[in-house]
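Below is one structure; the comments refer to it alone.
Here is the naming used below: chain letters follow the sequence lines, and residue numbers restart at 1 for every chain.
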Amino acid sequence: MAKLNTPQGTRDFGPDVVRKRNHIFAVIRQAFERFGFQPLETPAMEYTSTLLGKYGDEGDNLIFKILNNGDKIYGQAQMAKDSRELALILCEKSLRYDLTIPFARFVVMNQGKIHLPFKRYQIQPVWRGDKPQRGRYREFFQCDADVVGSNSLLNEIELLQIYDTVFNTLGLSGYRMKVNNRKILTGLAELVGRPDLMLAITIAIDKLDKIGESGVREELAQRGLSGSEADKVMEFISLQGSNDEKLDRLTQLFAGSETGLKGVEELRYILGSGLTSFTRQPEIDLTLARGLNYYTGMIVEVKAPENVNMGSIGGGGRYDDLTGLFGLPGISGVGISFGVDRIYDVLEELQLFPETAQQGTQVIFFHPGAEKLAEVYGYVSRLRDRGISTEIFPDEIKQDKQYKYAEKRGIPYIAYVEDNAPGVVFLKSMTGKQRHQLTPAELDAFTF
RNA sequence: GUGGUUGUAGCUCAGUUGGUUAGAGCAUCAGAUUGUGGUUCUGAGGGUCGGGGGUUCGAGACCCCUCAUCCACCCCA
């Protein structure tokens, strides 16, 4: 037999895995719907030109490009001046890299048809040519909810509420929600006196929990900050205390930065509106930066419980001019994303999947032999009509084989008839070891 | 993309400093036993030792390349 494999970083999902994943999808979808988001799906592929340049240079390299069909590509290849242009010419289409950019493309394309504010959710796979490792795949699902066309901070509050709802419903009570505001980071750069290095500073401080204070210092120096400038950054990120304490302290620090103060006020409102309460209070994390540079307001990242080694399992934020990339300026958006595959890994590790997420067939009938098949099939049909997942073993083989099949499949009930007991259905619980002797009418009324 | 790890039957792994026909447990299949299955017994099938090349009289073991895997970095969900 030939050695078969799925491409690197992709996986098959067996029956029990699909069931458990569906449980996660259902919880997320239900929350999205409950908050009034509408479903949207976009194609697996987009024009390469739509995607290129939206995720930074690294992102461009990670986009899976699709070779053009047809036999003209050899000639086309001659026209390219460099490899970047080659990719554009040879690969007009690419697999989607996230759900946000395709959504922005959709909004711009359909600006005449959609009513703002537009709230959509999208649950689809995305593809990234990253090197796979734990919690990182080349094909994985994202579940996004975004609102475009509204500047209200109420959206931020609701989106955080969705995170809270979903993770609690999934039983992942130890999750941690970190929030920050891009304006605060801008304020920091102004405070330091290096607004030009805002991006460099955020990239450096984002690594604090990984490389420590000394590491951040080195990184800052490498990126061109002087010692005293770095001191200010370090003072800023070492702010401790409750959310309110941090906000109060920031208000003092940002006395000279209008942008910084704006960011503080936004967070103060989002976290202290009093409109709702969180099971797990979001925590202000001044080192939270998030890579995508289109964020402009609140940013949020969800981390797995501390005892699980897994990066972020969700993230999002506000972006003031996403559609501006496609020529439609002035529309603000805010959104969040769930990383289902990582959430799956975390729930699996913590054994948080409920039994019900695993339930498939409830009852299996043994094959009764040709003469009684019609009678038994009648029982099967009636159970199915009641909405009970029912199987009949398709082959007439020794009963002990059929038992083993039922046991392997984890089917909770087996049923059979016997020649010497006409009109009786034997129903046996595989777990409780009880055997019921039922008339057809009693079977119809039986609660599984 | 950079660095490292691992890769022997469907699964988990043995396999001594390179040396005869590559093993075990579990699983699978067949039969027996079990007076409705889970027990027990017997037997069988199944491996181009990830793939390719090289060193050697001889390679599952050593070297190179490649593929996959896991981990760290980068980045991210």
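Residues from residues 313-326 of chain A that place a heavy atom under 4.0 Å from any atom of RNA chain B, listed by number: A/Ile313, A/Gly314.
Using a distance-only test at 3.5 Å, with no hydrogens or angles considered, no donor-acceptor pair links the side chain of A/Glu266 to the main chain of A/Gly297. The closest donor-acceptor contact from the side chain of A/Arg96 to the backbone of A/Thr42 lies under 3.5 Å.
Comparing B/rA32, B/rC73, B/rG37 by their nearest atom to the side chain of A/Glu407 picks out B/rG37. When each of B/rU69, B/rG37, B/rC70 is scored by its nearest atom to the side-chain atoms of A/Arg134, the top-ranked nucleotide is B/rC70. Proximity note for A/Lys428 (side chain, C-beta onward) versus B/rC75, B/rA72, B/rG37: the nearest is B/rG37. When each of B/rC74, B/rU69, B/rG37 is scored by its nearest atom to the side-chain atoms of A/Asp400, the top-ranked nucleotide is B/rG37.
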I'd like a table of donor-acceptor pairs (distance under 3.5 Å, sequence neighbours excluded) in which one partner is a side-chain atom from residues 27-41 of chain A, with atom names and distances.
| unit_1 | atom_1 | unit_2 | atom_2 | d |
| --- | --- | --- | --- | --- |
| A/Glu33 | OE2 | A/Tyr121 | OH | 2.6 |

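Between the C1' atoms of B/rC13 and B/rG52, the separation comes to 26 Å (whole Å). Rounded to the nearest Å, the gap between the P atom of B/rG53 and that of B/rG15 is 28 Å. B/rC65 sits 25 Å from B/rC73 when the P atoms are compared, rounded to a whole Å.
Counting to the nearest Å, the P atom of B/rU69 and the CZ atom of A/Arg136 are 14 Å from each other. In this structure, A/Arg11 atom CZ and B/rC70 atom P are separated by 9 Å, rounded to whole Å. Between the NZ atom of A/Lys131 and the P atom of B/rC67 there is a distance of 10 Å, given to the nearest Å. In this structure, CD of A/Gln133 is placed 12 Å from C1' of B/rG4, rounded to the nearest angstrom. The interatomic distance linking A/Arg435 (CZ) with B/rG35 (C1') rounds to 12 Å, in whole Å. Whole-Å rounding puts the A/Arg128 CZ to B/rC76 C1' distance at 6 Å. Rounded to whole angstrom, the span from the NZ atom of A/Lys210 across to the P atom of B/rC71 amounts to 13 Å. What separates CE of A/Met177 from P of B/rA77 is a distance of 17 Å, to the nearest Å.
Using the six-membered ring where Trp is involved, A/His436 and A/Phe446 have ring planes that are perpendicular, over 60° apart on the 30 and 60° scheme. Ring-plane geometry between A/Tyr55 and A/Tyr97 is classed as tilted, the angle between the planes lying from 30 to 60 degrees on a 0 to 90 degree scale. Between A/Tyr319 and A/Tyr295, the ring planes lie tilted relative to each other; the angle falls in the 30° to 60° range.
Between A/Gln402 and B/rG37, a side-chain N or O to OP1/OP2 separation shorter than 4.0 Å is absent. When the side-chain nitrogen and oxygen atoms of A/Gln8 are compared with OP1 and OP2 of B/rU69, one or more of them lie within a distance under 4.0 Å.
Taking the centre of each ring, A/Phe366 and A/Phe393 stay at or above the 6.0 Å mark.
Annotation for A/Glu442: atom CD counts as buried by contact number, over 12 foreign heavy atoms lying within 6.0 Å.
Inter-residue side-chain proximity for A/Tyr137 and A/Pro132 is flagged as unmet; no heavy-atom pair is nearer than 4.5 Å.
Among the atoms of the strands shown, none is found under 4.0 Å from any heavy atom of A/Phe366. Heavy atoms of A/Asn61 sit nowhere under 4.0 angstrom from any nucleic acid atom. Among the atoms of the strands shown, none is found under 4.0 Å from any heavy atom of A/Gly56. Residue contacts shown for A/Ser337 are absent, as no nucleic acid heavy atom lies under 4.0 Å away.
Residue A/Phe338 and nucleotide B/rA77 are not classified as a stacked aromatic pair, given the requirement of ring centres less than 5.5 Å apart at an interplanar angle below 30°.
Between the side chain of A/Lys404 and the base of B/rG38, no donor-acceptor pair under 3.5 Å is found.
Ion pairing between a basic and an acidic side chain is recognised when a charged N comes within 4.0 Å of a carboxylate O; A/Arg120 and A/Asp146 show such pairing.
Take the nearest nucleotide of RNA chain B for A/Gly9 and for A/Lys207: the residue whose nucleotide is more 5' is A/Gly9.
If you run salt bridge (Lys or Arg N to Asp or Glu O under 4.0 Å) between A/Arg21 and each of A/Asp16, A/Asp341, A/Asp345, only A/Asp341 comes through.
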Pairing pattern in dot-bracket form [Watson-Crick, G-U; both distances under 3.5 Å; | = partner strand] for RNA chain B: ((((.((..((((.....[...)))).(((((.......))))).....(((((..]....))))))).))))....
